[in-house]
Amino acid sequence: MKLSILDQAPIAKGHTAKEALDASIELAQLADRLGYKRYWVAEHHDLDGLASPAPDILLGVIGSQTERIRLGSGAVLLPNYKPYNVAERYHMLATLFPGRIDLGIGRAPGGSAEVSIALAGNFLEKVKNMPKLLDELLHFINCDFPEENMFAKIAATPIPESAPIPWLLGTSEKSAYLAAEKGLPYVFGHFMSDADGPAIVKSYFDNSTTNKAKAIVTVTVVCAETTEEAEKIAQSNLHWKVLQAKGEGKNGVPSIEEIEQYQYTNEEIQMIDKLKQNQIIGNPQHVKEELKNLQQRYDVNELMIVTITHSYEARKRSYELLAELF
């Protein structure tokens with residue numbers, strides 16, 4: 001089984017965005033040394049506690065400080081942009097870091113309605129046009145517009161020797177079908193979906209138009225030397241979700257000490273229990289068994305791990321333990 005990392009650049013409460021981004025760079029360097037397959041950076045806008053609205057900028061820094069790990073967006077939220085601009089940016093990265101760049105593509109807004117308007121104007125209209133936007137982006141990446149198309153006269157320079165590899169990200173049958181229709185590899189967000197993920201990924205393979213179909217499943221994992229320690233560390237992100245549901249948590253991922261002073265309601269306890277159903281939390285042996293079970297359920301050979309903790313050191317240790325397991 002291959003393991004990769006999805007980084008949302010979380011800001012721990014009491015720390016700055018600069019410290020969060022430095023921690024992301026350090027984690028990418030660690031992942032490079034440990035042998036992880038990919039390091040992808042998510043895109044979010046005006047969301048308190050997350051520090052990366054522009055994955056390509058962060059990837060440029062990470063690429064200059066790593067050697068072999070594949071780098072990518074998880075994902076570029078395409079309705080926010082013109083496809084030509086996206087192609088230029090990822091061609092630039094692929095030129096700088098040959099054979100190492102992935103272009104993950106999504107259609108979520110990545111922020112509030114106001115953010116969507118500020119970025120893209122009529123966002124909903126662009127979401128409706130997602131298949132067309134995707135086609136246009138792929139033509140720019142592959143440099144293969146039909147001669148009669150006005151864009152055949154231009155190129156998204158610089159043109160790299162090895163083009164970025166596009167992936168489609170999603171959590172629904174609609175995204176799986178679009179990936180299959182376009183012949184793209186697919187990433188399913190198990191960590192953020194209540195849907196029947198294995199059935200959706202199976203539908204992707206069943207409908208794929210190419211024999212090169214490939215899928216990755218993204219899951220939240222917190223691993224520590226003992227189950228008790230892992231449960232304690234994981235509480236930071238779970239508690240943060242509870243606060244966000246109440247419109248709070250704007251100062252970032254809360255500390256364990258803060259959580260210990262909090263009294264949960266029955267409804268909040270139920271919310272945490274539900275959140276944990278899509279997460280893998282525990283000691284190395286438990287995590288190994290659960291990841292293998294997940295791999296078998298989805299019938300894929302690569303899992304992408306997202307880990308959010310208040311302690312950046314605990315996050316690194318979790319990934320170290322996973323690397324030792326696999």
(message) Between F140 and L133, is there shared hydrophobic-cluster membership here, with clusters defined by ILVMFWY side-chain heavy atoms closer than 4.5 Å?
(response) no
(request) Begin from the C-alpha positions of K126 and K128 and carry the test side chain to side chain contact (heavy atoms under 4.5 Å, CB included) through to its verdict. (result) CA-CA 5 Å; K126 292 190 176 183; K128 292 178 184 177; over 6 Å; no
(request) Could you check F188 against Y204 for ring pair (Phe, Tyr, Trp, His ring centres under 6.0 Å), going step by step and ending with a plain yes or no? (result) CA-CA 10 Å; F188 180 78; Y204 160 72; over 10 Å; no
(request) Say whether V219 and M304 are linked into one hydrophobic cluster, either directly or through other cluster members, by side-chain heavy-atom distances under 4.5 angstrom. (result) no
(request) Indicate yes or no: at least one non-hydrogen side-chain atom of Y84 is less than 4.5 angstrom from one of L137. (result) no
(message) Are V253 and I233 linked, directly or through intermediate hydrophobic residues, by side-chain heavy-atom contacts shorter than 4.5 Å (ILVMFWY only)?
(response) no
(message) For a quick test of reading the model, state the closest non-hydrogen atom pair linking E225 to L321 and the distance between them.
(response) N-CD1, 3.9 Å
(message) Among L71, D32, L30, which residue satisfies the side-chain contact (heavy atoms from CB on, under 4.5 Å) criterion with Y39?
(response) L71
(message) Hydrophobic clustering (ILVMFWY, side-chain heavy atoms < 4.5 Å, transitive) - are Y186 and L6 grouped together?
(response) no
(message) Can you see whether S203 engages Y177 through a side-chain donor-acceptor pair at a distance of less than 3.5 angstrom?
(response) no
(message) Test of understanding: clusters of I, L, V, M, F, W, Y form through side-chain heavy atoms closer than 4.5 Å, transitively. Do I105 and I101 belong to the same one?
(response) yes
(message) Side chains of I308 and Q8, heavy atoms from C-beta outward: is any pair under 4.5 Å?
(response) yes
(message) Is it true that S4 and E302 share a donor-acceptor pair across their side chains at a distance under 3.5 Å?
(response) yes
(request) Determine the minimum heavy-atom distance between L168 and S175, stating which atoms define it. (result) CD2-O, 3.4 Å
(request) Would you mind telling me which of I62, T66, D7 makes a side-chain contact (heavy atoms from CB on, under 4.5 Å) with I25? (result) I62
(request) Please determine if R317 and E320 form a salt bridge, counting it only when a charged side-chain N lies under 4.0 Å from a carboxylate O. (result) yes
(request) Answer yes or no: is there a side-chain heavy-atom contact under 4.5 Å between F326 and L291? (result) yes
(message) I want to know whether F151 and H139 have ring centres closer than 6.0 Å.
(response) no
(message) Whether the N85 and R89 side chains hold a donor-acceptor pair (N or O, under 3.5 Å, no angle test) is what I'd like checked.
(response) yes
(message) For a quick check under 3.5 Å, do H15 and Y312 share a side-chain donor-acceptor pair by atom type?
(response) no
